Amino acid sequence: MIELFNVSVKIDNRPVLNDISLQITKGEFVYLIGKTGAGKTTLMRLIYMDLFPAKGNVIVDRYSSSTIRRKEIPFLRRRVGVVFQDFKLLPDRTVFDNVAFALQVIGAPKRTIRARALSALSRVGLNHKRYQMPHHLSGGEQQRAAIARALVNEPFILLADEPTGNLDPQVSTEILALLESINRSGTAVLMATHNYGLIRQFPHRTLLVENGKITAGEAP
Amino acid sequence: MKLLFLLKEGFAGFRRARLAVTITLATITLALALLGLFGLVAQNLSDSFQRVFYQIRLEVFVDPSLGESDFQTLKSEIEGIEAVQSAEYISPRAALQEFEKDFGKDLVAVLESNPLPPSFRVMLKTGRSRPEAIQAVVRRIEALKAVDEVVYPENLIRLLDKYFLLGIVIAAGLGAAIFIISTLLIFNTIRLAIHSRQRVIEIMRLVGATDAFIKAPFIFEGVLQGMIGGLLAAGLLWLAGDLVRYLFLPGLAVPWLYLAGLVITGILLGFIGSYLSVGKYLNT
Ligand SMILES: Nc1ncnc2c1ncn2[C@@H]1O[C@H](COP(=O)(O)OP(=O)(O)OP(=O)(O)O)[C@@H](O)[C@H]1O
Ligand SMILES: [Mg+2]
């Protein structure tokens, strides 16, 4: 599913990741921990190919970082859902339109857009708020909307970069429960977090990013 | 490609960012109007310039005591000169009528008799003539027996001749400068408008929209804005031209081709500006 072979990354000529190899299999749930600036976001960018390794190779689905053509990257991104700490919703349209947007811009037929957007919204439990504007929603609800948008293309993996970073503990737990249920239905989840309490509460394989290396880690 | 969605996104962009769109449109309109204004002024100046310079007219005053047949002979004598295109006889009465038209009846009424001598209106062959060549023709006409005096705008012709090249260079330079300024102004407003929608572009890329799909609504918007700006600028110039014509320059020309050219320029600049701007956000 996702494999990294001896990957090194430099940003501004400074090594960030150094000769790492890693595998995430189908339907896995994996945490990514590490100090600020360790390279967690960098690793995720490698996976949705927003960033390319200086050395080594990243394999995602049937795409390889060393052979993928620029034109193919959008098609890779349709197979990978991404959510962030700051939700990145479009403030000028409703929750439904935010989710539908992800289908519209890939040219999906109109009939399937509505059905799939509604189904994604009900998966995250946000159907009743679908005609609200994002700023009328709580942080947790906004993150649910962002997750619905990430899921609407039925990706095989969901990358969540500190998805609970802006949320209070109660809501964070609810989001984690949602991510687990998504994972149980077959979507792999890779989640970067600083919240070790959540890891203890929902234990899964944990990777530690430190000094440019990735090792099996454990929430301290 | 889903044309309907692209059109909807393009128009929705107009609705969502009314202020930004208004500012962009106003800028495009003004920039194009400025460009068009320069073009019009240059065109009209060069037209009247050419009228003086390329179509030189001499007033040849002749001895009033000549008879009808002498005028005929004189006419063919003048027309026999190589550089002369035509010579038209203007009788004192016709001259007075023209005078009346230019200066009003009142002035003519105080005159007891018609003081205007008969004359010929002599057109030289078109083309850029040097002052010396014109002078040579004038001398030959003056040498004819019945001719009293030849009047023509000698100083103006000398002046125009002297600054002919300089004028062209200055006009071209000014035109180029205005064109560059307008273009930069338009590109910059489009760039700012697209910059303010970075987030939309970022999300489109994130969810897997192709470059073409991301570009299309922005380019559509740019073209639409360029076209509307061009139409508004053309309308403004047309109105201004009407006003100027009505107030003090009845001869002012505002050719349709010019106005159409403004709209086309607007469309082209809108297209190129948005194409380049949105491209910048795709190549990171
Ligand atoms: N756009 C950038 N320009 C310059 N340096 C960058 C950029 N993005 C990342 N870096 C550097 O790369 C390194 C890894 O950053 P990264 O964002 O992957 O860390 P992180 O583990 O996600 O940190 P955090 O926990 O704060 O999100 C950092 O040292 C950072 O300074
Ligand atoms: Mg990060």
Side-chain angles (χ1 to χ4, degrees), chain A residues 44-45 47-52 60-61 63 69-84 86-94 97-113 117 120 133-134 145-146 148-155 158-159 161, chain B residues 1-25 190 192-222 224-225 274-284:
Chain A
M44 297 209 172
R45 290 177 63 203
I47 294 171
Y48 64 93
M49 300 206 185
D50 189 37
L51 187 73
F52 287 86
V60 179
D61 200 18
Y63 301 98
R69 286 177 301 146
R70 200 185 136 76
K71 276 192 164 203
E72 293 175 312
I73 292 176
F75 298 93
L76 160 81
R77 302 237 171 115
R78 296 174 194 185
R79 307 279 300 127
V80 178
V82 193
V83 296
F84 301 93
D86 60 355
F87 321 131
K88 294 194 196 293
L89 295 171
L90 296 172
D92 60 357
R93 53 193 92 199
T94 63
D97 286 341
N98 263 281
V99 176
F101 187 74
L103 293 167
Q104 287 164 335
V105 300
I106 63 168
K110 201 169 175 169
R111 229 173 309 141
T112 69
I113 290 178
M133 299 304 265
R149 181 179 65 194
L151 289 182
V152 77
N153 272 315
E154 285 156 22
L158 182 65
L159 306 178
D161 195 351
Chain B
M1 185 144 307
K2 304 288 167 207
L3 191 66
L4 198 67
F5 169 73
L6 296 180
L7 294 185
K8 254 169 68 189
E9 263 303 300
F11 280 119
F14 270 38
R15 235 182 320 110
R16 290 204 185 93
R18 252 184 232 129
L19 181 69
V21 170
T22 308
I23 292 172
T24 313
L25 265 184
I190 290 179
L192 284 178
I194 292 181
H195 182 79
S196 71
R197 309 235 308 271
Q198 264 187 104
R199 166 149 285 201
V200 180
I201 296 178
E202 182 195 355
I203 288 166
M204 283 177 137
R205 299 184 66 189
L206 213 53
V207 299
T210 58
D211 285 358
F213 217 101
I214 298 173
K215 275 181 191 167
F218 288 98
I219 292 175
F220 172 68
E221 244 183 85
L224 203 60
Q225 287 177 336
S274 52
Y275 187 90
L276 294 178
S277 300
V278 73
K280 240 177 250 158
Y281 292 99
L282 295 180
N283 294 325
T284 45

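Each chain gets a letter, A, B and so on, in the order its sequence line appears, and its residues count up from 1. Predicted model, so just to flag it, every value in this text is computed and none were measured.
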Report summary line: Output for pair (B:R205 CZ, A:D50 CG), nearest 0.5 Å, gives 6.5 Å
Query raised in the report: So which part of A:K110 gets closer than 4.5 Å to some heavy atom of chain B, the side chain, the backbone, both or neither?
Result: side chain
Query raised in the report: Short question: side chain of B:R199, backbone of A:L90 - any donor-acceptor pair under 3.5 Å?
Result: no
Report task. Hey, could you give me the CZ/CE distance between A:R77 and B:M204, rounded to the nearest 0.5 Å? Result -> 13.5 Å
Report task. Give the minimum heavy-atom separation between B:T210 and A:P74, together with the two atoms involved. Result -> CA-CG, 3.9 Å
Query raised in the report: Which atom pair, heavy atoms only, marks the closest approach of A:V105 to B:A209?
Result: O-CB, 3.3 Å
Query raised in the report: Within a radius of less than 6.0 Å around OH of B:Y275, do more than 12 heavy atoms belonging to other residues, nucleotides or ligands occur?
Result: no
Query - Distance in Å, B:L206 CG paired with A:K88 NZ, rounded so as to fall on 0.5 Å steps - result: 8.0 Å
Report summary line: Looking only at heavy atoms, the pair that brings A:R70 and B:D211 closest together is NH2-OD2, 2.5 Å
**Report entry** Residue part contacting chain B, namely of A:L89, when any heavy atom lies under 4.5 Å
**Finding:** backbone
Query raised in the report: Do B:R197 and A:D92 pass the side-chain contact (heavy atoms from CB on, under 4.5 Å) test, and can you show the C-alpha distance, the side-chain angles, and the key distance before you say yes or no?
Result: CA-CA 11 Å; B:R197 309 235 308 271; A:D92 60 357; over 6 Å; no
